[in-house]
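In what follows, a structure is listed as structure tokens, so that the remarks can point back to it.
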Amino acid sequence: MNQMSEATAKPVVNGRIKQSMAFWSFNVAGEKWDLQQQCDVAKKLGITSIEVLEPEDFPTLKKNGLVCALTSNGMPGAPFVKGLNNLAYHDEIITRTKAAIDASEIAGFPNVIAFTGYKWRDAEDPSSGEISFEEGAKNCVAGLKTLATHAEKAGVTICLEMLNTRDDTHPMKGHPGYQGDDMDDVADIIKQVGSPQVKLLFDIYHVQVMNGDVIRRIKQYADLIGHVHVAGNPGRCEIDDSQEINFPGCMKALLDIGYDGFVGQEYIPTRDAMEGLTEAVKLCDV
């Protein structure tokens with residue numbers, strides 16, 4: 001890990017935005033930090049959470065005085081493929097998500113992720129026929145209502161993520177076939193569920209790719225946002241001055257609506273990982 005001076009590596013000054021880092025992002029690219037390395041980096045930079053982790057990782061976080069702002073739903077493989085839009089996967093998703101909710105409750109961690117899933121009847125086979133959006137949305141609402149009952153008792157929030165389907169250059173930059181690719185549609189699903197424990201995972205990168213008008217949408221869906229992700233566009237890389245999104249402006253908009261949840265750094269490093277993350281944390285510390 002690149003050694004930086006203490007002065008350089010303390011970018012959090014204001015602390016009004018609670019910052020997190022997505023484990024997978026900094027494990028698959030850059031210097032490919034393991035969990036303990038990420039804990040060390042987080043503490044050095046003033047980040048208080050490492051997210052998209054499994055419950056078996058919680059003891060390491062606890063040992064390092066960190067939280068998991070967003071727990072994985074426990075689905076094997078790429079968890080966004082088999083989703084709540086498909087009744088064939090409901091039993092497994094609901095069972096695994098309930099277990100993640102229970103573990104998060106015990107640990108005192110706030111959120112568990114959820115996905116609509118891919119639109120094909122066999123989620124991994126595009127030739128298997130498509131689930132209509134209307135059918136998929138109905139199934140998502142039903143599944144989320146079942147999970148909401150469990151989440152309300154636990155005091156844990158389920159965060160349904162909208163993902164972009166436009167970028168087909170990399171399996172983690174875009175997700176062609178994902179059904180929940182429009183912010184308005186995903187927000188409508190959450191409204192139909194009608195639970196305070198089911199909210200939006202507002203990923204600024206994905207919203208920008210598919211819908212744009214990010215700050216207006218932050219304000220439009222102020223009451224529904226449960227968690228936020230950031231990454232630069234184009235490319236889902238560092239959030240620096242080469243990107244088209246004004247991240248300080250987006251962070252100020254979140255403060256304007258009274259958002260008090262976490263903002264997760266979920267980009268794919270393309271250069272010195274510590275340097276890039278330090279810059280990203282500074283940009284979001286408005």
Side-chain angles (χ1 to χ4, degrees), residues 22 24-25 28 51-52 70-90 92-94 96-97 100 111-144 147 158-193 198-214 217 221 224-236 264 266-268:
W24 74 266
S25 297
V28 304
E51 62 179 70
V52 198
L70 185 70
T71 303
S72 298
N73 67 356
M75 287 294 286
F80 44 79
V81 175
K82 296 178 179 178
L84 290 164
N85 65 333
N86 193 325
L87 292 179
Y89 308 125
H90 266 209
E92 181 180 11
I93 294 169
I94 289 170
R96 290 179 180 273
T97 303
N111 303 312
V112 173
I113 200 167
F115 301 97
T116 67
Y118 280 28
K119 62 186 176 182
W120 304 303
R121 297 210 171 268
D122 176 344
E124 297 171 311
D125 180 8
S127 69
S128 61
E130 291 188 11
I131 298 170
S132 70
F133 176 79
E134 292 73 20
E135 179 185 350
K138 179 181 177 181
N139 293 341
C140 283
V141 171
L144 287 167
L147 288 170
I158 302 161
C159 295
L160 181 65
E161 185 165 23
M162 169 263 194
L163 301 173
N164 92 77
T165 54
R166 292 185 64 202
D167 191 327
D168 61 0
T169 64
H170 183 284
M172 291 304 290
K173 292 182 180 180
H175 308 283
Y178 187 77
Q179 194 148 53
D181 66 350
D182 181 273
M183 178 50 61
D184 299 324
D185 288 342
V186 175
D188 187 60
I189 288 170
I190 291 167
K191 289 177 183 176
Q192 289 184 57
V193 176
V198 178
K199 295 201 171 187
L200 282 170
L201 200 174
F202 193 102
D203 189 308
I204 291 175
Y205 161 73
H206 289 298
V207 174
Q208 173 68 3
V209 173
M210 293 302 299
N211 298 112
D213 209 13
V214 173
R217 290 176 187 279
Y221 295 125
L224 298 183
I225 298 174
H227 191 69
V228 176
H229 280 162
V230 296
N233 188 56
R236 198 175 191 172
E266 198 190 30
Y267 64 84
I268 301 172

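Computed from heavy atoms alone, side chains included, the values below leave out hydrogens, waters and symmetry copies.
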All salt bridge (charged side-chain N to carboxylate O under 4.0 Å, His left out) counterparts of D213, not counting sequence neighbours: R216
What pairs with N86 under side chain to side chain contact (heavy atoms under 4.5 Å, CB included), at least two apart in sequence or on another chain? A88, Y89, I131
Check side chain to side chain contact (heavy atoms under 4.5 Å, CB included) between A78 and all other residues, then give those that pass, not counting sequence neighbours. F80, V81
Output all residues satisfying ring pair (Phe, Tyr, Trp, His ring centres under 6.0 Å) with Y221, sequence neighbours left out; order by chain, then residue number. none
Taking only residues two or more places apart in sequence or in another chain, which ones pass ring pair (Phe, Tyr, Trp, His ring centres under 6.0 Å) with Y178? none
How far apart are the closest heavy atoms of N73 and V112, and which atoms are they? CA-CG1, 4.2 Å
With sequence neighbours left out, the residues meeting ring pair (Phe, Tyr, Trp, His ring centres under 6.0 Å) with F115 are none
So, do L200 and V186 sit near enough that their side-chain heavy atoms are less than 4.5 Å apart? yes
Does any pair with a residue in residues 161-170 pass salt bridge (Lys or Arg N to Asp or Glu O under 4.0 Å), and if so which ones, sequence neighbours excluded? none
Is it true that the side chains of D122 and S128 contain a donor and an acceptor less than 3.5 Å apart? no
Quick one: salt bridge (charged side-chain N to carboxylate O under 4.0 Å, His left out) partners of E51, sequence neighbours excluded? none
Any heavy-atom pair between the side chains of C159 and L70 that's under 4.5 Å? yes
Where at least one partner belongs to residues 183-193, residue pairs that pass salt bridge (Lys or Arg N to Asp or Glu O under 4.0 Å), sequence neighbours excluded: D184-R217
Filter on salt bridge (Lys or Arg N to Asp or Glu O under 4.0 Å), then keep only pairs touching residues 127-141, sequence neighbours left out; what's left? K119-E130, R121-E135
First locate atom CZ of R236, then atom OG of S25, and finally report the distance between them rounded to the nearest 0.5 Å. 6.0 Å
Tabulate below the donor-acceptor pairs under 3.5 Å that side-chain atoms of residues 204-211 make, not counting sequence neighbours, or state none.
unit_1: Y205; atom_1: OH; unit_2: K173; atom_2: O; d: 2.5
unit_1: H206; atom_1: ND1; unit_2: N164; atom_2: N; d: 3.0
unit_1: H206; atom_1: ND1; unit_2: N164; atom_2: ND2; d: 3.0
unit_1: Q208; atom_1: NE2; unit_2: E244; atom_2: OE2; d: 2.8
unit_1: N211; atom_1: OD1; unit_2: M183; atom_2: N; d: 3.0
unit_1: N211; atom_1: ND2; unit_2: D182; atom_2: OD2; d: 3.1

Taking C-beta and beyond as the side chain, do F202 and L224 meet within less than 4.5 Å on heavy atoms? no
Which residues share a side chain to side chain contact (heavy atoms under 4.5 Å, CB included) with P171, sequence neighbours left out: none
Is there a side-chain contact between H90 and N139 in this structure, where contact means two heavy atoms from C-beta onward sitting under 4.5 Å apart? yes
I'd like to know whether E266 forms a side-chain contact (heavy atoms from CB on, under 4.5 Å) with W24, so could you lay out the CA-CA distance, the side-chain angles of the two residues, the decisive distance to 0.1 Å, and finally the verdict. CA-CA 8 Å; E266 198 190 30; W24 74 266; 2.8 Å; yes
